[in-house]
Amino acid sequence: MKITFCCSNTNAQPWLEALQIALPEAQISLWQENQANDLADYGIVWAPPQTFFDEQTQLKAIFNIGAGVDALLKRKIPAHLRIVRLEDAGMAVQMAEYVMMAVMNFYRQLPAMKLHQSQEKWLAPVVNDRTKMTVGILGLGILGERVAQALQHFEYPVIGWSRSPKNISGVKSYVGPAQLNNFLSQSTILVCLLPLTSETQNILNNSNLSQLPKGAYVINAARGGHLVEQDLINLLDSQHLAGATLDVAQQEPLPAGHPFWHHPKIVLTPHNAAQSLVGPCVAQISQQLQNLHAGLKVEGEVSQALGY
Ligand code: NDP
Ligand code: OXD
């Protein structure tokens, strides 16, 4: 079988080496433009250009080196082409860690303590009531569920919102647009772990964020396209929201002069909440690719219609 690897902004060498070890029978090569004669059966990709699809006309399936497929689905992709994304593959624990870092930073009031430190004050902030620190997770999928477990370990009340109902122990499930306001009005900390689709784009807007209780905290570790950035800034500046941790932005890297760089209530990280690590990702992709090739069940298939 022939596999072509096309990942922008990635050092391809460690991936190619690990893939060749995992799939010794396969001919694996780095995709290069204008080599339309070299047609592969499978693609392993991250944000490929449209030319990739225009030239690689014999592909049976593509494997996305990431959980989110929003960038991929911007391309014109033949409807028959099967698309497989990563499910967890070492990302869920990283995401749980990231969200816990942000939740604890807020709940344990680290910025206030840093300020006291700079003022040489040995002063403990008033303890927040944990039972009132309900964490609402938008998106109770692979990552959202793992995050819910981590939060429950530290006894935060957790609720979640998704398209279909969920049965996760201790997590109240809210479903669809009709239950969104009820869910938001109870979320003292809001965590976004939704895929970016036409339905979820701009979901973190003034109207929805205003439903959060006064003094709420927002964590967006999903996609920049979920957040209307100016609405967040207005709600932070008007004191409705206490702060935000953002791993993603509408434009990445964040452009020079963007208000997020220096906003005192925003913690910004460079889209590294959960990274695709070569070992676990290659293990999952090679297994799914072999399953698909053998006509067996494949996990992580993406619906082009739903957009995730
Ligand atoms: P999943 O597909 O497993 O979960 C998505 C969840 O969102 C599901 O619960 C789904 O509901 C819900 N959902 C989707 N559309 C809607 C909608 N219209 N209304 C309500 N709920 C909806 O994805 P993952 O958990 O694996 O990943 C989530 C996202 O996290 C990725 O798409 C990616 O954008 C982002 N990500 C960010 C990373 C980072 O480093 N910042 C790293 C990895 C991922 P249902 O279960 O009913 O289908
Ligand atoms: C992903 C990401 O979607 O890293 O996997 O953002």
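Residues: numbered from 1 along the sequence shown. First listed ligand is number 1; within each ligand, the first listed atom is number 1.
Those atoms of ligand 1 with a heavy atom of Y308 less than 4.0 angstrom away are 2 (O), 10 (C), 11 (O), 14 (C), 15 (N), 45 (P), 48 (O). Per-residue contacts place A67 under 4.0 angstrom from the following atoms of ligand 1 (heavy atoms of the residue considered): 26 (O), 43 (C), 44 (C). Near H271, meaning under 4.0 Å from one of its heavy atoms, ligand 1 places the atoms 39 (C), 40 (O), 41 (N). Those atoms of ligand 2 that come under 4.0 Å of a heavy atom in R223, given as number and element, are 1 (C), 2 (C), 3 (O), 6 (O). Interface of S164 with ligand 1, defined as ligand atoms under 4.0 Å from a residue heavy atom, comprises 45 (P), 46 (O), 47 (O). Interface atoms of ligand 1 facing A222, defined by a heavy-atom separation under 4.0 Å, are 34 (O), 35 (C), 37 (C). Near E199, meaning under 4.0 Å from any of its heavy atoms, are these atoms of ligand 1: 18 (N). Residue H271 has at least one heavy-atom neighbour below 4.0 Å for each of these atoms of ligand 2: 2 (C), 4 (O), 6 (O). Of all the atoms in ligand 2, the ones that sit under 4.0 Å from a non-hydrogen atom of A274 are 4 (O).
In this structure, A273 falls outside the shell of residues with a heavy atom less than 4.0 angstrom from ligand 2. Contact annotation: R85 has no heavy atom less than 4.0 Å from any atom of ligand 2. Heavy atoms of M91 approach ligand 2 to within less than 4.0 angstrom.
Here's the thing with A67: one of its N/O atoms is less than 3.5 angstrom from an N/O atom of ligand 2. For I65, no nitrogen or oxygen atom sits less than 3.5 Å from a nitrogen or oxygen atom of ligand 2, counting backbone and side chain alike.
Scanning all protein heavy atoms for the shortest distance to atom 33 (C) of ligand 1 gives R223 NH1, 3.7 Å. Closest protein heavy atom to atom 7 (O) of ligand 1: P195 CD, 3.3 Å. Nearest protein heavy-atom neighbour of atom 38 (C) of ligand 1: M95 CE, 3.6 Å. Of all protein heavy atoms, the one lying nearest to atom 4 (O) of ligand 1 is G141 CA, 3.2 Å. Atom 1 (P) of ligand 1 has its closest protein heavy atom at R85 NH2, 3.4 Å.
Using a 4.5 Å heavy-atom cutoff, the side chains of F63 and V45 are not in contact. Using a 4.5 Å heavy-atom threshold, the side chains of Q290 and L23 count as touching. The shortest side-chain heavy-atom distance between V84 and V302 does not fall under the 4.5 Å cut-off. Two residues are said to be in side-chain contact when any heavy atoms from C-beta on lie closer than 4.5 Å; L209 and L184 fail this criterion. The side-chain heavy atoms of L72 and I62, taken from C-beta on, include a pair separated by under 4.5 Å.
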Between D237 and H263, is a side chain to side chain donor-acceptor pair (under 3.5 Å) present by the stated rule, with each step listed? CA-CA 10 Å; D237 293 349; H263 199 289; 2.9 Å; yes
After noting the C-alpha distance and the side-chain angles of T200 and H226, does the key distance pass the side chain to side chain donor-acceptor pair (under 3.5 Å) rule? CA-CA 6 Å; T200 65; H226 288 123; 3.3 Å; yes
Between Q288 and K297, is a side chain to side chain donor-acceptor pair (under 3.5 Å) present by the stated rule, with each step listed? CA-CA 8 Å; Q288 296 307 322; K297 184 171 163 37; over 6 Å; no
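Under 3.5 Å, the side chains of Y98 and T269 contain a donor-acceptor pair of N or O atoms.
Considering every non-hydrogen atom in both I65 and W46, the closest pair reads O-CE3, 3.3 Å.
A ring-centre distance under 6.0 Å is found for Y156 and Y107. Aromatic pair F52/W31: ring centres closer than 6.0 Å.
By the criterion of a heavy-atom distance under 4.0 Å, neither the backbone nor the side chain of Q275 is placed next to ligand 1. With a 4.0 Å cut-off on non-hydrogen atoms, R163 touches ligand 1 through its backbone as well as its side chain.
When the heavy-atom distances from atom 25 (O) of ligand 1 to L143, L194, T197, L196 are ranked, the shortest goes to L143. Considering each of A221, G300, G68, the one bringing a non-hydrogen atom nearest atom 37 (C) of ligand 1 is A221. By heavy-atom distance, the residue among D247, L306, L180 lying nearest atom 41 (N) of ligand 1 is D247.
For the atom pair CG of L19 and OG of S29, the computed distance is 11.5 Å after rounding to the nearest 0.5 Å.
Judged purely by atom type and a 3.5 angstrom limit, Q50 uses its side chain to pair as donor or acceptor with the backbone of K76.
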